[in-house]
Amino acid sequence: MRHALITAGSKGLGKKVTEEFLQRGYSVTINYRKDIEAVEKLKNTYSHLSDRILFVQGDVTKKEDLTNMIDITIERFGRIDCLINNAGPYIFERKKLADYTDEEWYQMIEGNLSSVFHLFKKIIPIMRQQRYGRIITYGFQGAESSPGWLHRSAFSAAKVGLVSLTKSISIEEAEHGITANMICPGNIVGEMKEATIEQSRLMSDVESKTPIGRSGTGEDIARTVAFICDENSDMITGSIIEVTGGANVIHRFHI
């Protein structure tokens, strides 16, 4: 049985990814930071699959929590086939880089870039031994070309660095049967993070509607992640894949 480890997998986009892997027969480690209510809902919904699910609390900005997450997973399931780096701190307040505190800067870098490095370091040896692995990171529209992003400078700096890290890993680990790719979600907000594609097509008043005529959803991201993690998707590696519905995400507030 293949196993997927998903950071921040109990709610939002991460929840839809978790559900997609469970539906495909994987066992899953679900990392969460503090939302116990979301965890309890998942436990109740998938109580019939409790033998395939492991919940591990931890903060992705803390190396010791990441290490613990992997150790517990290996003890329980003995393998990790897919690493889904879904967690990533984000500051919603719109402000310029000069107005960021040191703490906010380091939160963005540690949570969105360093955390992935620490997970790589622990999981790559496991995947090498398995001769198989799928690694997914998350970015943002245009991250591959290092654009400026007004009022999101710290977050975007971390994610642009993650682009190069993802591509580097894809080259370094290809000989071991390991792929690494980045998914760049569009403007998927609020309830749409846990919505289905069918639901989005029925909603005519969604604020984040895209040029294709509906909002993006968590299901869009989950389906993309699952496809790239398929055994037969090994030719897809080092790719930066945008799932935006044609919307211009990072420049919509420019004047």
Side-chain angles (χ1 to χ4, degrees), residues 2 4-9 13-14 17 21 31 60-61 63 66 70 80-90 105-106 108-149 152-186 188 216 220-244 246-251:
R2 296 292 188 193
L5 189 159
I6 306 169
T7 61
L13 298 181
V17 175
F21 276 108
N31 156 253
V60 297
T61 66
K63 179 182 177 181
L66 298 172
I70 296 166
I80 297 174
D81 299 283
C82 304
L83 168 62
I84 316 301
N85 296 281
N86 178 76
Y90 187 81
W105 168 262
Y106 285 112
M108 292 298 98
I109 300 302
E110 293 302 306
N112 290 291
L113 183 57
S114 297
S115 62
V116 178
F117 165 73
H118 295 311
L119 288 171
F120 276 172
K121 284 278 288 183
K122 285 283 288 185
I123 288 179
I124 287 297
I126 297 168
M127 290 182 170
R128 284 178 179 174
Q129 187 174 17
Q130 296 170 172
R131 302 290 304 171
Y132 183 88
R134 299 286 182 265
I135 297 171
I136 302 294
T137 59
Y138 283 27
F140 64 91
Q141 177 199 26
E144 190 170 13
S145 61
S146 305
W149 191 357
R152 299 286 180 258
S153 50
F155 177 83
S156 62
K159 291 298 188 181
V160 166
L162 190 55
V163 169
S164 183
L165 191 65
T166 302
K167 289 187 174 185
S168 296
I169 287 293
S170 75
I171 299 167
E172 293 175 353
E173 303 304 328
E175 63 180 305
H176 301 292
I178 300 169
T179 68
N181 296 281
M182 175 179 278
I183 305 297
C184 298
I188 305 174
D220 290 293
I221 303 306
R223 285 166 56 89
T224 306
V225 169
F227 175 74
I228 295 173
C229 287
D230 188 271
E231 293 182 14
N232 292 325
S233 296
D234 52 339
M235 285 296 287
I236 305 174
T237 192
S239 297
I240 313 301
I241 301 171
E242 297 188 358
V243 186
T244 65
N248 190 329
V249 178
I250 68 172
H251 296 307

Any donor-acceptor pair under 3.5 Å from [X] side chain to [Y] backbone:
X    : Y    : answer
N85  : I136 : yes
N181 : I236 : yes
Q130 : I80  : yes
K159 : N112 : no
T166 : L162 : yes
E242 : G142 : yes

(message) Would Y132 and D81 count as a side chain to side chain donor-acceptor pair (under 3.5 Å) here? Give the steps.
(response) CA-CA 7 Å; Y132 183 88; D81 299 283; over 6 Å; no
(message) Can you list everything that forms a ring-ring contact (aromatic ring centres under 6.0 Å, His included) with F140? Sequence neighbours excluded, please.
(response) W149
Identify the two heavy atoms, one from [X] and one from [Y], that lie closest to each other, and give their separation to 0.1 Å.
X    : Y    : answer
M108 : A154 : CG-CB, 3.7 Å
I240 : C184 : CG2-SG, 3.6 Å
L83  : M127 : N-CE, 4.0 Å
V160 : S146 : CG1-OG, 3.3 Å
A180 : S170 : O-CB, 3.7 Å
P147 : Q141 : CG-O, 4.5 Å

(request) Sequence neighbours left out, what pairs pass salt bridge (charged side-chain N to carboxylate O under 4.0 Å, His left out) with at least one residue falling in residues 112-139? (result)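 Non-adjacent pairs meeting salt bridge (charged side-chain N to carboxylate O under 4.0 Å, His left out): D71-K122, R128-E173.
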(request) With sequence neighbours excluded, give me every salt bridge (charged side-chain N to carboxylate O under 4.0 Å, His left out) pair touching residues 221-241. (result)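 For residues 221-241: R2-E231.
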Roughly how far, to the nearest 0.5 Å, is the [atom2] atom of [Y] from the [atom1] atom of [X]?
X    : Y    : atom1 : atom2 : answer
Y138 : I221 : OH    : CD1   : 6.5 Å
F120 : I135 : CZ    : CD1   : 4.5 Å
I228 : I183 : CD1   : CD1   : 3.5 Å

When you compare the side chain of [Y] with that of [X], does any pair of heavy atoms fall below 4.5 Å?
X    : Y    : value
T7   : L119 : yes
E144 : K167 : yes
I126 : I70  : yes
I124 : E172 : no

(request) Among I109, T61, V60, find the residue that satisfies the side-chain contact (heavy atoms from CB on, under 4.5 Å) test when tested with S114. (result)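 Testing each of I109, T61, V60 against S114, the sole residue satisfying side-chain contact (heavy atoms from CB on, under 4.5 Å) is I109.
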(message) Tell me if the OH atom of Y106 is crowded by more than 12 foreign heavy atoms within 6.0 Å.
(response)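 No, because the 6.0 Å sphere around OH of Y106 holds 12 heavy atoms or fewer from other groups.
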